[in-house]
Amino acid sequence: MRIVLTLSFGATRPSVFLKSTRARSYVIQGTRTQEECNTRRLLALAAAATATAGWSYNQEDVDDDAWLEEIEGEKALKWVREQNARTVTAWGNPITSPTYQKVLEALESKDKIPGVSKIGNFYYNFWTEKERPRGILRRCKPEEYAEKEVPWETVLDIDALCREDDCSYVYKGIKSFKPTIKSNPRRTLVALSPGGSDAVIRREFDLEKKKFVPIEDQAFVISTPEKHSCSWLDNDTLLIAIGLSDKEKTDSGYPRVLREWKRGTDLKDAPIVYTGKKSDVTVGGSLTRSRGVELEWRYRAPSFYTSRRSVRRHTPKRDGVWYDLQELGIPQDASVFAHGAVLLIELRTSWLSFSAGALLAVGLDDLCQNGISANIQPLFLPQPHTSLKGISASKNLLALVIQDHVKPSLHLFNVDLVNDILQIKNLNSILTHDLERPQIRALSVSAVDSDESDDFFLRSSSFLEPSTLSLLQIDQSRTTSKLLKTLPHMFQVKANQIVEQRFATSADGTQVPYFLIKNGDNTQAPCLIFAYGGFEISLGPSYNSALGRGWLERGGHYVLANLRGGGEYGPSWHKAALKENRQKAYDDLNAVAKHLVESGLVDSAKRIAVRGGSNGGLLTANAYVQQPENYGAIVSAVPLTNMKKYSKLLAGASWMDEYGDPNSDDWNNFLHKYSPYHNINPKDIPIYPPLLVTTSTKDDRVHPYHARAFTHKLLDLGATNVWYYENIEGGHGGAADAKQSAYVTALYMDMLFRLLSSSSESSGE
């Protein structure tokens, strides 16, 4: 049996730090322990619900379908296979569809920009293509990367590993040990997930020999899949947060203890150096290195949006003084990052004289000595229409991506301690106008090597313009940009396609933004809305070749809705739809759907479909039971649906900060209103729109029970226009490789075109 490591539909890396699960890019070498960031991402992604006026819910039947909780139970999987077959019979085998072929060709295309991370003297890239669906880890020299044909060197072949171990691995990332700034890391930990779940195995890998380290050489190996995180302390020691028994796991199923694991010893014998509470979401720890400053971190997360953190300077004798940041006055719900000896603090609530959403800087030693009397200075102060999207730190600079009405721009700062005095310099004057001007686009930056240079990789794209990757080189007086890679057009863009930002007025008068790709003036064309509205995750423009080929080329309109509950306008936008205020997210979605008809984009609500996954799956399930008249069809992917049970299933307990506690007064006060399972009205079965529910057997974040039970109940009540598909692999993303992704994409897109369109385009040809 091989072994593996961890990194993370949206979330991109796993971790264990002090951040909400916001979909933003935080790329700060040795900051905010990457462990914590990753765990937040893993923890994030769940669901929300809505009420149906005039219908009284029934919780007596809550356990009638408990057999569907048995993830791989014989009866449950028999039902799953029957429903999968029924769906394919009704809508055709996606593999035979032209949509499948077009989408698969895009997903497996070699025409992709290879994203890289600099590790030592090489750029590393993980790559998938038709011949290698599970992917390869490869590398090149930095000077080779700009070449048209990069001479890649294969380091690890995951497809070959799958064949060797007879296991369906999904690559989850690497974690390398770098002894010094100038050193070339030799050892790394590879994370693999059997079937794509959040739980992973880890195995030590030699980057020089390009082989796994043999067990007889005292390799670090975790052979049983677990949700865990780890950090190198030195070449022979790992800090690892892992629960080896139920006692060592939190109620959310994440680690409750932190161990210090020495090479050559048994993990179960590794001493526990930090312990959280059973009610915590998770615990973790790490060693971070930034600008020559080494810091040790410990933290526990009492809730999804709070972390109790301690930090100390790392010394050879490990005798540094621990400082509890909360005892020093830092709010538990703030995010904290290290940039050398400067701490960056991002606020979720107002603190001192600073508003929620602000980014602050303070000297670490100043804070430890003086608490809130320290010299704390702002880097970013939000306005009602602005928010912080991402942060990246180079050797001397901080690059911030700031959104203005969900349109990003770049901002540069120099933050340093001069004679122990904090100094901040705004460098926006050296940026080009194009970078500092908010636009409808995707914009992200990441430091090339935060130890050695002030160069950044800058990636930009839009809905209709392919991605570009540039090298941004910065000194104190000027900025130069060199185009490195350009993605070719992956789908045909028509002259009558227009991208706009519009605003709909929600039930309480709030203006809700949404992006629209308008495909001409055909009011009978299908319109697909994608929405999420939760966990402070911000949705924005991106170049999506599967969407382009499967939907836009066929003449469909597309909408990306920025609902409350997300992070598009910072923490206040998120908090506006928490718990008892969840209805606002659902009102926002309904407002967008109505606006599409009222503005004349489509001639009827029957042209509109909405799709969402995870928390977005719960959103769409509530749209289904709450205002079915607003939609012609609905797709609910990996959803939560039974909000009475959610906190007891898999990672559900970690989301109570978002939704509320169903085992408290929250259930009767508000939560029952947003539980789609309990708000199915038998009298409304004839008016409910067509529904497709999808999930994955291997999803160990949102239990597949939610999708199964919701569908099963509707079918039992006589619904005939409800279909179900469950991928046996795939994890929370719903698919483990390109073929599986193309299958599910073709299934729902072809179904929606047939349901919503009156043209011959509906066949997908």
Side-chain angles (χ1 to χ4, degrees), residues 1-7 14 34-35 38 117-122 124-126 134-139 153-167 169-194 199-244 255 257-273 285-287 289 294 296 314 316 318:
M1 166 77 64
R2 293 283 183 186
I3 307 267
V4 205
L5 169 143
T6 319
L7 284 161
Q34 219 166 27
E35 287 315 304
N38 287 342
S117 297
K118 188 172 185 290
I119 302 175
N121 298 326
F122 295 95
Y124 283 79
N125 163 257
F126 185 74
R134 295 304 168 107
I136 57 171
L137 180 65
R138 59 187 189 174
R139 67 189 178 193
E153 174 190 8
T154 297
V155 177
L156 176 62
D157 187 329
I158 304 301
D159 292 275
L161 186 63
C162 289
R163 292 190 295 271
E164 181 181 340
D165 289 358
D166 191 24
C167 185
Y169 291 130
V170 175
Y171 175 81
K172 293 287 187 174
I174 61 174
K175 187 179 294 291
S176 302
F177 174 66
K178 188 175 183 180
T180 65
I181 289 178
K182 297 291 185 180
S183 62
N184 194 38
R186 177 171 179 175
R187 296 294 177 88
T188 192
L189 294 169
V190 180
L192 301 171
S193 167
V200 300
I201 61 174
R202 294 185 192 254
R203 187 174 179 185
E204 192 172 5
F205 189 85
D206 190 317
L207 291 170
E208 289 187 5
K209 295 181 178 180
K210 297 183 290 185
K211 293 181 179 180
F212 285 107
V213 179
I215 296 294
E216 54 267 27
D217 289 349
Q218 300 182 333
F220 286 115
V221 171
I222 300 172
S223 56
T224 301
E226 292 284 356
K227 296 178 181 179
H228 66 279
S229 64
C230 67
S231 174
W232 290 94
L233 195 58
D234 56 47
N235 187 65
D236 297 313
T237 314
L238 292 179
L239 285 174
I240 180 165
I242 188 170
L244 300 179
V257 300
L258 179 69
R259 296 174 181 269
E260 198 167 298
W261 186 16
K262 294 288 186 181
R263 186 181 299 280
T265 65
D266 196 312
L267 176 58
K268 71 178 187 307
D269 296 328
I272 295 174
V273 296
S286 68
L287 175 68
R289 297 177 173 92
E294 294 186 324
E296 286 187 61
H314 179 65
R318 307 284 304 286

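- Residues Gly285 and Ser231 come closest through the heavy atom pair O-CB, 3.9 Å.
- By the side-chain contact (heavy atoms from CB on, under 4.5 Å) test, Arg163 pairs with Asp159, Ala160, sequence neighbours left out.
- Residues Leu233 and Arg318 have side chains in contact (heavy-atom distance under 4.5 Å, counting atoms from C-beta outward).
- Atom CG of Asn235 has more than 12 heavy atoms from other residues, nucleotides or ligands within 6.0 Å.
- Once rounded to the nearest 0.5 Å, the distance linking CG of Asn125 with CG of Leu137 reads 8.0 Å.
- The side-chain contact (heavy atoms from CB on, under 4.5 Å) search around Asp206 returns Arg186, Arg187, Glu208, Lys209, Val213, not counting sequence neighbours.
- In this structure Thr154 satisfies the side-chain contact (heavy atoms from CB on, under 4.5 Å) test together with Ile136, sequence neighbours excluded.
- Nearest heavy-atom pair across Phe126 and Arg134 is CZ-O, 3.1 Å.
- Applying the ring pair (Phe, Tyr, Trp, His ring centres under 6.0 Å) criterion to Phe122, with sequence neighbours excluded, gives no partner residue.
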Kindly list each side-chain donor-acceptor pair under 3.5 angstrom involving residues 266-273, sequence neighbours excluded, with atom names and distances?
unit_1	atom_1	unit_2	atom_2	d
Asp266	OD1	Lys268	N	3.1
Asp266	OD2	Lys268	NZ	3.0

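- Taking the side-chain contact (heavy atoms from CB on, under 4.5 Å) definition, one finds that Pro316 meets it with nothing, sequence neighbours left out.
- Atom CZ of residue Arg139 and atom OG of residue Ser117 lie 14.5 Å apart, to the nearest 0.5 angstrom.
- Between the side chain of Trp232 and the backbone N or O of Lys175, at least one donor-acceptor pair lies under 3.5 Å.
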Please evaluate residues Tyr124 and Leu207 with respect to the criterion side-chain contact (heavy atoms from CB on, under 4.5 Å), reporting the C-alpha separation (whole Å), side-chain torsions for both, the decisive distance (0.1 Å), and the verdict. CA-CA 11 Å; Tyr124 283 79; Leu207 291 170; 3.8 Å; yes
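- In this structure, the side chains of Val200 and His228 come closer than 4.5 Å at one or more pairs of heavy atoms.
- Side-chain contact check for Glu204 versus Asp217: every heavy-atom pair is 4.5 Å or farther apart.
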Does the pair Leu239 and Glu260 meet the rule for a side-chain contact (heavy atoms from CB on, under 4.5 Å), with working shown? CA-CA 5 Å; Leu239 285 174; Glu260 198 167 298; 4.1 Å; yes
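- Residue-environment remark: NZ (Lys210) exceeds the threshold of 12 foreign heavy atoms within 6.0 Å.
- Distance check: Ile240 CD1 to Leu238 CG gives 6.5 Å after rounding to the nearest 0.5 Å.
- Side-chain contact between Gln218 and Asp236 is absent, with no heavy atoms from C-beta onward closer than 4.5 Å.
- In this structure a side-chain-to-backbone donor-acceptor pair under 3.5 Å is missing from Thr188 to Phe205.
- Taking CD1 of Ile222 as the start and CH2 of Trp261 as the end, the distance is 5.0 Å to the nearest 0.5 Å.
- Nearest approach of Ser176 to Pro185, heavy atoms of both residues: CB-CB, 4.3 Å.
- The two residues Tyr169 and Cys162 make their nearest non-hydrogen contact at N-SG, 3.3 Å.
- When all heavy atoms of Ile158 and Tyr171 are compared, the pair lying nearest together is CD1-CD1, 4.0 Å.
- Checking Val155, Val190, Leu189, Leu156 one by one against Ile174, the side-chain contact (heavy atoms from CB on, under 4.5 Å) holds for a single residue, Val190.
- The shortest heavy-atom contact between Ala199 and Pro225 is CB-C, 3.9 Å.
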